[in-house]
Amino acid sequence: NGEKESKKWVLMATARSPTNIAVIKYWGKRDETLILPVNGSISVTLEPSHLSATTTVAVSPSFDRDRMWLNGKEILLSGGRYQSCLREIRRRAEDVKDEERGICIKREDWEGLHVHIASFNNFPTAAGLASSAAGFACLGNVTLFMCSFCPCKLMNVKEETTELSSIARQGSGSACRSLYGGFVKWAMGNKEDGSDSIAVQLANETHWEDLVILIAVVCSRQKETSSTTGMRESVETSSLLQYRSQVVVPRRLIQMEEAIQKRDFPSFAKLTCADSNQFHSVCLDTSPPIFYMNDTSHRHVQLCFLIYCIYVHGEIRLIIGLVERWNQFEGTPQVAYTYDAGPNAVLIAPNRKVARLLLQRMLFYFPPPSEKELDSYVLGDTSILQEAGLHSRKDIEALLPQQKLKQMLHPKSILEISTILYARDQAVVQFCLVVMIKLC
Ligand code: DP6
């Protein structure tokens, strides 16, 4: 009976983790077990109220094994990464006391105790993000990070954030950058034990507050290549990757740090787009080639602007064309785009004014399907929509007349307008083509 009583207690800790978007990409490991990268990377941490995962970790003597649930669904913890995160944390765990309940866990007791981890993301459920492959990649990152941080809190691990970032790194490389807000650099380090491969904050979240991030999430029906597998194949087969990691990225890291410090948007945007394009070129240079921005399948694109979500049907690469043409026309970058290991587009505008224009353009390119009203198409904080004068789908339709179109786009170029119109048609044609290919 006494033993039964002593097994009753459960201790819990909860923490929330943001996600981050790389503007200089991490792609390739020099050590697969310790997760040490072939080059440094820089990211922007996203506001956790919009995109984050909340994880609760519980420990009890009645638990007979470690278990983990993602959005209520149990996942296997047998993977090496989860195990190495938990092992690292257990190794650092300290005495934990809950005086109120008379519970005392000694440092050495942690080895024999098991944890239950439950993680939920706050992605708008209507956006279907949590179920998409792309959403899962993002969720995986934050969860692995939480898997490091949350038990640390519970086990009273007294480590510095840098030390925690090295535990998170062993869960998922890019997750180590989520330890800080604002702009974060993951220094590649060069020690064999990985002790200098850590994340450092370059500037906090108040440094460049005007930036606005818009994410276009694409639910692909195709199976994506995971980052882990993809980068392994790139390391083994791509010669461009060698050049990138040894020559290009070291230079870009310095330039990007400078652009961030000076809040120099044109340089920031140029570097961001160039690095995204080079990362996808490395994927294409991999054997067999990896197409993360593959556009042959019919896709639902959802845009989250802060938490705006727009559901559109169309070809994702049109977004690059849209941004490139706009930037070219203005003579200086208005908006930056970047794509991770999936077809999701992350668009960065320097301020709300440009973000409004971007939203107008995106809605024009990817108008809501006829059965959808704007408020079910664009979700979240709608204040910027109001500012853009977009209250209902009629307002988007009002963007259509040539006159308005001319104002929005290149004032002189008829070609520009026909390209846009072609793009709009193509979004539909794209779908038909897929059907035809399938029939053959
Ligand atoms: C394209 O961190 O998911 O998003 O370390 O194998 O878990 P593993 O890979 P992961 O890779 C992310 C790659 C990227 C670029 C980036 O975030 O820097």
Side-chain angles (χ1 to χ4, degrees), residues 17-46 51 53 79-85 133-148 165-180 183-189 194 197-199 202 213 215 217-218 224-236 238 241 244-245 248-249 252-253 256 271-286 290-293 337-346 348:
S17 150
T19 187
N20 68 75
I21 300 293
V23 288
I24 301 291
K25 308 286 184 199
Y26 145 56
W27 195 251
K29 298 181 187 71
R30 60 181 200 275
D31 185 317
E32 290 249 349
T33 319
L34 291 173
I35 309 203
L36 302 177
V38 290
N39 59 255
S41 54
I42 293 180
S43 62
V44 186
T45 303
L46 302 182
L51 280 174
R81 290 183 180 195
Y82 290 105
Q83 290 305 328
S84 45
C85 271
F136 186 77
C138 182
L139 173 70
N141 276 356
V142 282
T143 306
L144 283 163
F145 156 69
M146 293 305 297
C147 180
S148 305
S165 100
S166 101
I167 303 175
R169 190 197 72 225
Q170 293 180 55
S172 183
S174 58
C176 75
R177 297 183 308 234
S178 282
L179 260 276
Y180 299 95
F183 297 86
V184 184
K185 178 165 94 172
W186 173 14
M188 68 173 282
S197 185
I198 48 167
L202 296 176
I213 296 182
I215 306 174
V217 180
V218 179
E224 314 285 343
T225 311
S226 80
S227 305
T228 310
T229 315
M231 68 177 84
R232 183 181 304 133
E233 289 170 358
S234 295
V235 169
E236 283 164 7
S238 167
L241 179 91
R244 168 177 164 74
S245 60
V248 182
V249 175
R252 279 190 186 155
L253 287 171
M256 183 57 96
L271 287 164
T272 301
C273 299
D275 204 66
S276 168
N277 290 334
Q278 189 177 67
F279 152 55
H280 288 280
S281 308
V282 166
C283 292
L284 207 59
D285 189 45
T286 299
I290 309 163
F291 304 92
Y292 282 125
M293 292 193 295
Y337 59 81
T338 183
Y339 289 77
D340 275 343
N344 300 341
V346 176
I348 308 176

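First listed ligand is number 1; within each ligand, the first listed atom is number 1. Computed from a predicted model, the values in this text were never measured in an experiment. Computation of the quantities below employed the complete heavy-atom set of this structure, encompassing side-chain atoms and omitting hydrogens, waters and symmetry-equivalent molecules.
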Can you list the ligand 1 atoms lying under 4.0 Å from a non-hydrogen atom of [X]?
X: G173; answer: 2 (O), 5 (O), 7 (O), 8 (P)
X: I35; answer: 5 (O)
X: T228; answer: 6 (O), 7 (O), 8 (P)
X: A22; answer: 16 (C), 17 (O), 18 (O)
X: S172; answer: 2 (O), 3 (O), 5 (O), 7 (O), 8 (P), 10 (P)
X: M231; answer: 9 (O), 11 (O)

Minimum non-hydrogen distance to atom 17 (O) of ligand 1, winning option of K25, R169, R177, E32: R177

Pick from Y26, F279, Y339: the one approaching atom 5 (O) of ligand 1 most closely through a non-hydrogen atom: Y26

Please check: side-chain N/O of [X] versus main-chain N/O of [Y], any donor-acceptor pairing under 3.5 Å?
X: R169; Y: W186; answer: no
X: S197; Y: M188; answer: yes
X: D285; Y: S234; answer: no
X: R177; Y: S41; answer: no

Student check: side-chain heavy atoms of K25 and N39 closer than 4.5 Å: no

Reported CD1-to-CE distance for the pair I24 and M256, which is rounded to 0.5 angstrom: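 Answer rounded to 0.5 Å: 4.0 Å.
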
Minimum heavy-atom distance V235-K29, with the two atoms named: CG2-N, 3.7 Å

Close approach of W186 to ligand 1, heavy atoms, under 4.0 angstrom: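 Distance cut 4.0 Å: W186 fails for ligand 1.
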
Contact with ligand 1 for K29, non-hydrogen, under 4.0 angstrom: yes

CA sep, side-chain torsions, deciding dist, call: V44, V23, side-chain contact (heavy atoms from CB on, under 4.5 Å): CA-CA 7 Å; V44 186; V23 288; 4.0 Å; yes

Contact (N/O only, under 3.5 Å) between S174 and ligand 1: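 Looking only at distances, the answer is yes, because the N/O contact criterion of under 3.5 Å is met.
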
